[in-house]
*Asks:* 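Take this structure first; my questions come after.
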Amino acid sequence: MELFWYIVLMTMLTIYVILDGYDFGAGIIHLFFAKKEKDKKAITNAIGPFWDANEVWLIAAGGVLFFAFPTLYASSFSGFYLPLIMILWLLIFRAIGLELRGQVHNKMWEAIWDKAFGMASLLLALFFGIALGNVVRGVNLGMVTNGVSTQEAHYFFLPLWNSTFSPQAEHLGIIDWFTILLGVIGVVSLTIHGANWIIFKTNSDLNSKLKKVIFSLNFLLLGLVIISLFIWHIIEPQPFHNFLNRPWLFIFPIITFTGLFGLFKVKSFKKDGSGFLFSSLFLFGGLTSTVASIFPKLLPSTNSVNPDLTVYNVAAHEYGLTVGLNWFIIAAILVVIYFVIQYKVFKGKMDDIGYGDH
Amino acid sequence: MEDMLFYDRMQFAFTITFHYLFPQLTMGLSLMIVYFKWKFLKTKIDKYNDAAKFWMKIFALNFAMGVVTGIPMEFQFGTNWAKFSELTGGIIGQTLAMEGMFSFFLESSFLGLFIFGEKLLGHKLHFVTGFLVFLGSWASGFLIIATHSWMQHPVGYEILDNGKFILNNFSALFTNEWLWPSYLHNQAASLVTSSFVVAAIGAFYLLNNKHDEYGRLFVKTGVVFGLISSLIVAFPTGDLAAKNVVKHQPVTFAAMEGIFESEEGGAEIVLIGQPNMIDKKLDNKIAVPNILSFLTYQKWDAPIKGLNEFDEKDYPTNIPGLYYAYHIMVGLGTIFIGLMLIAAVQLFRKKLYNTKWILWSLMFMLPFPYIANTTGWYTAELGRQPWLVYNLLRTADGASPTVSAGNTLFTLLGFIGLYLLLGLLFLMLVGKIINKGPELIKH
Ligand code: HDD
Ligand code: HEM
Ligand code: HEM
């Protein structure tokens, strides 16, 4: 039963990253590349009717985490307290940037909310990458000092950084050079992803320029991914252990690289949706490979005193998990139906929907 | 440790109070918009459709505020109340996860369609999307109140040796005695808010001789909805909610009503008085004998337990706060019924639109349903203290063990600053929409 909920949770998080990821990416493009009013309009039209529903995947995933793995929810949310609250603030700025901009027609007002939306998107992409880095690297569970736990075995607290910025310090910070690297990968890959979405959903003048941007960023991304694999090997000596034991798992890295290499052809795609497909494959493959490599760990421990948090030691009780199945299946079917309806109604190019016109 | 708990509580109280300002309008207004749209489908008179569209503009802004302030609520269980989440997550996680899966997806998918889709969908389907948004928001309220009811009156659980609560009966969560009165009371109260808002804007237009046609429509609709919902709030739902408190939390009830000493031969109902915690009595009391016994047990002389019969360590932590919160809610509820009754009588006699003083009163009443709703929640929450889960888990044992007071204060200040900004922007933009009025919205 735990395994089932683990897969549900990971699936929901992956869907969240793919969906809200294009919103973040669109925000980053908006920040750096959209100079003309027409381009800005195109970008907000492309994500306008969707971003709210996309964000619900995060909330719902949070709900499932709470319900199925309460100990992990409690431990990680209190341990990553500061960055989580900051993510909340950024989500607020992103949302009001999008929703309020069109309410008043005034250059200064628009400029403020444009920046709020763009900067919040950029920082969110960075923070989510850093968050992934923290999970992979592990934390000092039980806050062990000199071999003694100062807290219950599954609690911890991380400051934003420590003075060394090293991922191997005894007292870690959220931000160190390893997690920053993953943050940058997050930004680059979501920028590509967002650009692909804009190409897919609009006929904006930006599109041909965006293809060039995607092409060059893709080189950067490839480089960063390779570096991060090496560094990861240093931090965690056996990161690929799971893959060697269960070779079928190699399907995930293969998907990742299919997505990555496929995008080098971005300039010659016939269909506008192809790029989006490939960047989604990259994100899907990247996340699943990462998760698969640490399985069954959910949050590794960096000390030898307290055990890792795993799928098996943080789950809720059997009865609850089993009854949860009944409502979850009904709800999941409904969610798929809503999703289909939503994308049917807003199918094709969205240049004319007039998002934010009041 | 003490500081930390204090800031945790302040942060929760501040963010939830702010959050709830928006959903209460969302839930009530969505029903009223559906009503306008339905009227339009039936009569084909354009003004109903315009009314629906006008309120949708305000609804959309209000909804966005509800969403951005709601997400921090969901996170805060883990960030600030980690111990509580760890121990009870197997139970309240159920209802909270259901809320995400059943209602938030429904609302957010169809809200986009409702707002942008009128042209694409045609009026009938547009009505359906509006109805689904309404359904989603009421489902959301239901699941939140189911969660809350479990904290007030835990059912269907078992406690393991390590202190963890586990669920052993899923359906008990929804047949909880506390749940239905509380839910219906709360939903009626949110309709009170939306009715008063609609009526107040209508009165504003009439008094300014602007958008007269809509002014009359809004006042009329607001008064009809307002009268019905104000009555339901008091009876049967408020009455039933109070009976639950007497039955399951008698010490809370004594504090709410301000009864320090048990009275044989029937308890009086206190209208006015200030709790004096030092002498353990009410100062400047004005009370009517025997009414409380009658309201509670339908017997004039039924005894009601006073605070003196309970152990002081089980007293609600803030008795004066609880007492005032309760009296403000009930007092306002009585005023609402009175005003709506008079307005309805004038409406029936076709004199309402010219009775200036009623229009003025309706306009100035606008903030009071918000106050009544907020004090209602303070009654519930202060009444539950010092418990997080009534009689089972103390608030002090639920906070996050590793988050220090300095960090909580930092985020609390951040939330205060950010929400102040949000509140100002919201008021400014809603003001702009109201000023433009329904006629200008058409183009
Ligand atoms: C417009 C708002 C409003 C008005 C006029 C009233 N209430 Fe209320 N009340 C609420 C809005 C509210 C609320 C915000 O909806 C609460 C908070 C928790 C809940 O479920 O509903 C609530 C809670 C609440 C509780 C506490 C339940 C608990 O401890 O969990 C009681 C006993 C009452 N109400 C009783 C009444 C009575 C007898 C009223 C007589 C007129 C009344 N309320 C008017
Ligand atoms: C399902 C809904 C709710 C849940 C699960 C919930 C839960 C909680 C929790 C965990 C706390 C912290 C412990 C404490 O200090 O009491 C709390 C406190 C509080 N909540 Fe709620 N709450 C809910 C709804 C609301 C609403 C809608 C309001 C107000 C509008 C509200 C007002 C408060 C206040 C004022 C406190 C602080 C009480 C105090 O400091 O003594 N709550 N609630
Ligand atoms: C501590 C308790 C609460 C939590 C965790 C919470 C959580 C949330 C979240 C995450 C959202 C955004 C949903 C979206 O993205 O669509 C939201 C909105 C909403 N909440 Fe709350 N909430 C709480 C208290 C309440 C209470 C007490 C009520 C009503 C009884 C309520 C009713 C609603 C409604 C109707 C919405 C959707 C409409 C709107 O956004 O204005 N919530 N809430």
Side-chain angles (χ1 to χ4, degrees), chain A residues 48-50 52-53 55-56 58-64 66-71 73-79 81-82 84-85 88-89 91-92 95-96 99-100 103-104 143 151-152 154-157 316-317 319-320 323-324 327-328 331-332 334-335 338-339 341-342 345-346 353-355 358, chain B residues 57 60-61 64 67-72 74-75 77-80 82-94 96-102 104-106 108-113 115-117 120-121 160 164 166-168 170 400-404 407 410-411 414 418 422 425 429 432:
Chain A
F50 302 115
D52 183 19
E55 198 168 284
V56 171
L58 177 67
I59 303 168
V64 168
F66 191 178
F67 143 79
F69 303 105
T71 307
Y73 172 78
S75 156
S76 57
F77 275 44
S78 61
Y81 185 81
L82 290 171
L84 277 176
I85 303 269
L88 290 174
W89 293 344
L91 285 172
I92 293 179
I96 61 175
E99 290 293 314
L100 299 193
Q103 302 270 352
V104 177
M143 303 183 81
Q151 293 286 341
E152 271 183 84
H154 47 280
Y155 282 105
F156 67 98
F157 184 86
H317 202 259
Y319 171 80
V323 285
W327 59 257
F328 184 81
L334 289 173
V335 169
Y338 308 153
F339 193 78
I341 295 179
Q342 201 192 10
V345 175
F346 293 113
I353 68 156
Y355 178 78
H358 290 265
Chain B
K57 295 260 176 220
L61 261 179
V67 171
V68 298
T69 56
I71 298 168
E74 191 99 17
F75 276 51
F77 288 113
T79 51
N80 295 52
K83 208 63 213 169
F84 166 63
S85 306
E86 183 196 340
L87 297 178
T88 64
I91 298 178
I92 64 168
Q94 292 271 354
L96 287 173
M98 285 175 79
E99 185 186 16
M101 291 300 297
F102 281 107
F104 293 157
F105 274 116
L106 183 62
S108 60
S109 310
F110 289 100
L111 184 76
L113 293 174
I115 292 176
F116 301 110
L120 291 171
L121 296 169
L160 301 182
K164 281 198 179 147
I166 60 168
L167 187 65
N168 64 15
F170 179 71
S400 300
T402 58
V403 181
S404 69
N407 283 313
F410 169 72
T411 56
L418 188 54
L422 283 184
L425 287 169
L429 293 173
K432 218 179 131 235

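A note on names: the letters A, B, ... follow the listed sequences, proteins ahead of strands, and every chain is numbered from 1.
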*Asks:* Please name all residues satisfying ring pair (Phe, Tyr, Trp, His ring centres under 6.0 Å) with A/F77, sequence neighbours left out, ordered by chain then number.
*Replies:* A/Y73, B/F75

*Asks:* When only pairs under 4.5 Å are counted, which of A/G320, A/A331, A/A60, A/A332 shares the most heavy-atom pairs with chain B?
*Replies:* A/A331

*Asks:* Among A/V104, A/I96, A/V64, single out the residue with the greatest number of heavy-atom pairs under 4.5 Å to chain B.
*Replies:* A/V104

*Asks:* Is it the backbone or the side chain of A/V345 that comes under 4.5 Å from a heavy atom of chain B, or both, or neither?
*Replies:* both

*Asks:* Just to verify, what does B/A60 make a side-chain contact (heavy atoms from CB on, under 4.5 Å) with, not counting sequence neighbours?
*Replies:* B/I115

*Asks:* Please flag which part of A/F156 lies under 4.5 Å from any non-hydrogen atom of chain B: side chain, backbone, both or neither.
*Replies:* backbone

*Asks:* Pick from B/I92, B/L121, B/L422, B/L106: which one has the most heavy-atom pairs with chain A under 4.5 Å?
*Replies:* B/L106

*Asks:* Distance from B/S85 atom OG to A/F67 atom CZ, nearest 0.5 Å?
*Replies:* 15.0 Å

*Asks:* For chain A, which candidate among B/M101, B/K164, B/Q94 shows the most heavy-atom pairs at distances under 4.5 Å?
*Replies:* B/Q94

*Asks:* Do the side chains of A/L88 and B/T411 get nearer than 4.5 Å, heavy atoms only?
*Replies:* no

*Asks:* Under a 4.5 Å heavy-atom cut-off, does chain B meet the side chain of A/A316, its backbone, both or neither?
*Replies:* side chain

*Asks:* Give, as side chain, backbone, both or neither, the part of A/I92 having an atom under 4.5 angstrom from any heavy atom of chain B.
*Replies:* both

*Asks:* What distance do B/F410 atom CZ and A/L82 atom CG have between them, rounded to the nearest 0.5 Å?
*Replies:* 6.5 Å

*Asks:* At what distance, to the nearest 0.5 angstrom, does CG of B/L96 lie from CD of B/E99?
*Replies:* 6.5 Å

*Asks:* Heavy-atom pairs under 4.5 Å with chain B - which of A/V335, A/L334, A/L58, A/L91 has more of them than the others?
*Replies:* A/V335

*Asks:* Between A/S78 and B/K83, is any side-chain donor less than 3.5 angstrom from a side-chain acceptor?
*Replies:* no

*Asks:* Could you have a look at A/G324, A/S76, A/S75, A/P70 and say which one has the most heavy-atom pairs with chain B under 4.5 angstrom?
*Replies:* A/P70

*Asks:* If I measure from the heavy atoms of chain A, does B/L87 come under 4.5 Å with its side chain, its backbone, both, or neither?
*Replies:* neither

*Asks:* Quick one: does B/L425's side chain get under 4.5 Å of A/Q103's, heavy atoms only?
*Replies:* no

